[in-house]
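For this chain, numbers begin at 1 and follow the sequence in order. Every number for a ligand or one of its atoms is a count from 1 in the order of the listing. Since the model is a prediction, treat every value here as computed from it, not as a measurement.
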Amino acid sequence: MTEQAAPPLLPLDEDWESALAVVAHPDDLEYGAAAAIARWTAQGKRIGYVMVTSGEAGIDSLEPEKCRTVRESEELASAALVGVDVVEFLGHPDGVVEYGPRLRRDIARTVRRHRPEIVITTNFRDTYGGVFPNQADHIAVGRATLDAVRDAGNRWVFRELTAEGHQPWGGVRQVWAAGSPDARHAVDTTDHFAAGVVSLQAHKAYLKGLGGDPANVAAFLEPMARAAGEGLGVRYASSFEVFSLRF
Ligand SMILES: [Zn+2]
């Protein structure tokens with residue numbers, strides 16, 4: 001019996017200058033995507049972060065009113081470590097984000113303002129490739145992000161955005177979902193794996209709340225990066241599911 005080889009992953013398109021990452025919570029990008037972000041900002045690409053919530057329900061021992069500012073400041077520090085200095089928070093409620101027109105409109109507004117070529121989000125499939133279920137906010141936000149990219153380009157959807165001065169933007173070529181079990185693409189992060197590790201370690205209060213040791217962050221991230229790297233033929237990589245908005 002021969003062992004089945006992991007399916008090869010295709011290299012992501014890097015012929016772009018501007019991306020916007022839209023995720024549910026502070027820390028979502030740091031579980032694998034941050035190393036790729038570090039690579040791209042090192043190339044001179046411009047990337048902004050949008051957090052749909054402030055992750056205020058993420059620390060059991062800290063009430064949301066206090067937790068919000070802690071997690072926002074940890075995300076700002078985390079982003080800065082991978083070359084991102086624009087982080088916005090949309091203020092939707094952590095844990096109970098609802099997919100719907102309001103969420104799509106708020107994301108479409110950020111897409112129109114930033115005018116990116118690539119939009120990055122996280123896995124919004126039902127599971128992480130097996131029995132481990134995805135989290136409800138991730139599913140709502142990923143799905144809404146994909147839809148909001150189309151909304152951003154349509155003048156007649158969310159007409160209030162145009163009235164606010166946000167002109168339609170149809171320039172997004174692809175949406176990339178990090179950590180998807182259906183990923184078929186990846187990018188080499190061998191030289192930026194360490195930046196990804198410190199970016200997750202910046203979530204000090206959050207990791208402490210989970211009972212984890214920040215020293216173990218590298219050991220947690222390494223197998224995922226190595227598995228994606230094997231698919232790409234490099235040491236470490238970040239994988240993404242690619243949705244093309246253009247034929
Ligand atoms: Zn999350």
Should the ring pair Trp176 and Phe240 be called parallel, tilted or perpendicular, given that the plane angle runs from 0 to 90° and is split at 30 and 60?
tilted
Residues Arg113 and Glu88 bridged, charged N to O under 4.0 Å
yes
Is any side-chain N of the basic residue among Arg109 and Asp106 closer than 4.0 Å to the acidic one's carboxylate O?
yes
For the Zn ion (ligand 1), protein N, O or S atoms at a distance below 2.8 Å amount to 3
Ignoring hydrogens and geometry beyond distance, is a side-chain donor-acceptor pair present between Tyr206 and His25 at under 3.5 Å?
no
Which residues pass the salt bridge (charged side-chain N to carboxylate O under 4.0 Å, His left out) test with Asp151, sequence neighbours left out?
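Residues passing salt bridge (charged side-chain N to carboxylate O under 4.0 Å, His left out) with Asp151: Arg104.
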Is there a path from Val84 to Leu76 through hydrophobic residues (I, L, V, M, F, W, Y) whose side chains come within less than 4.5 Å of each other?
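In one cluster: yes.
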